[in-house]
Amino acid sequence: MNHLGWKIDRARERGMISWRQARDLHMQLASVQPLAWRAQTGQARPWEVRRLENVVNRIDSLTQGYAYNMRRPYYR
C-alpha cells in the first residue's frame, strides 16, 4: 500500500494527474488501508476485498497514464 502513495505523488509530479486528483486518490487510499490489513489477515468480507481491488486498480490505471493517453498532460 505504501508504494501506491508514492505512485500517486510521482504521477502528480510528472503532470499525469492534477493535484486535486492526487488528493482524492490519497483520500481513497487512506480509506481502504484498514481493508488491506483485513484482506491480508483473511478477515475481510468479499465486498471489502472488491472495494480494495477497485481502489487499487483505479490508482494503478491513473498513475500509469492509461486513462490519459488521448489527452494532453496536465501542466502546473
Side-chain angles (χ1 to χ4, degrees):
M1 295 298 290
N2 292 336
H3 75 283
L4 291 175
W6 179 85
K7 285 176 76 171
I8 294 168
D9 292 335
R10 190 76 170 147
R12 182 183 42 81
E13 291 169 4
R14 291 183 174 179
M16 296 169 65
I17 60 175
S18 70
W19 67 270
R20 284 187 178 131
Q21 288 173 311
R23 182 190 62 197
D24 291 343
L25 290 175
H26 273 295
M27 289 187 334
Q28 290 176 22
L29 179 60
S31 74
V32 297
Q33 281 181 333
L35 297 181
W37 179 82
R38 289 173 54 85
Q40 288 176 344
T41 59
Q43 298 173 354
R45 294 182 178 98
W47 67 269
E48 292 174 318
V49 173
R50 281 192 305 275
R51 180 170 178 235
L52 176 63
E53 289 171 349
N54 289 339
V55 170
V56 170
N57 289 340
R58 185 177 313 117
I59 291 171
D60 274 341
S61 68
L62 288 174
T63 57
Q64 291 176 2
Y66 296 135
Y68 291 93
N69 285 340
M70 301 305 290
R71 298 174 64 191
R72 290 190 328 220
Y74 171 80
Y75 292 105
R76 290 183 262 162

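As the structure is a prediction and not an experimental result, all values here were calculated from the model.
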**Study point:** Atom pair CG (Asn57) and CG (Leu52), whose distance is rounded to the nearest 0.5 Å
**Key:** 9.0 Å
Point to revise | For the student: nearest non-hydrogen atoms of Ala22 and Arg12, plus distance | key: CB-CD, 3.7 Å
Check your understanding: Looking at residues at least two apart in the chain, or sitting in another chain, which of them share a salt bridge (charged side-chain N to carboxylate O under 4.0 Å, His left out) with Arg23?
Key -> none
Check your understanding: Salt bridge between Glu53 and Arg50, side-chain N to carboxylate O under 4.0 Å?
Key -> no
Exercise for review: Applying side-chain contact (heavy atoms from CB on, under 4.5 Å) between Val55 and each of Asp60, Val32, Leu25, report the one that passes.
Suggested key: Val32
Exercise for review: Indicate the atoms forming the closest heavy-atom contact of His26 with Gly5, along with that distance.
Suggested key: CE1-O, 3.6 Å
Check your understanding: Heavy atoms, side chains only, cut-off 4.5 Å: are Glu13 and Arg10 in contact?
Key -> yes
Review point. So which heavy atom on Ser31 is nearest to which on Arg51, and how close?
Key: OG-NH2, 3.2 Å
**Study point:** Pairwise side-chain contact, Thr63 with Leu4, heavy-atom cut-off 4.5 Å (strictly under)
**Key:** no
**Study point:** Residue pair Ala44 / Val49: nearest heavy atoms and the distance that separates them
**Key:** CB-CG2, 3.8 Å
Exercise for review: Would you please name every residue forming a side-chain hydrogen bond (donor to acceptor under 3.5 Å, both in side chains) with Asp24, sequence neighbours left out?
Suggested key: none
Review point. According to the side chain to side chain donor-acceptor pair (under 3.5 Å) rule, which pairs have a member within residues 35-47, sequence neighbours left out?
Key: Arg38-Glu48
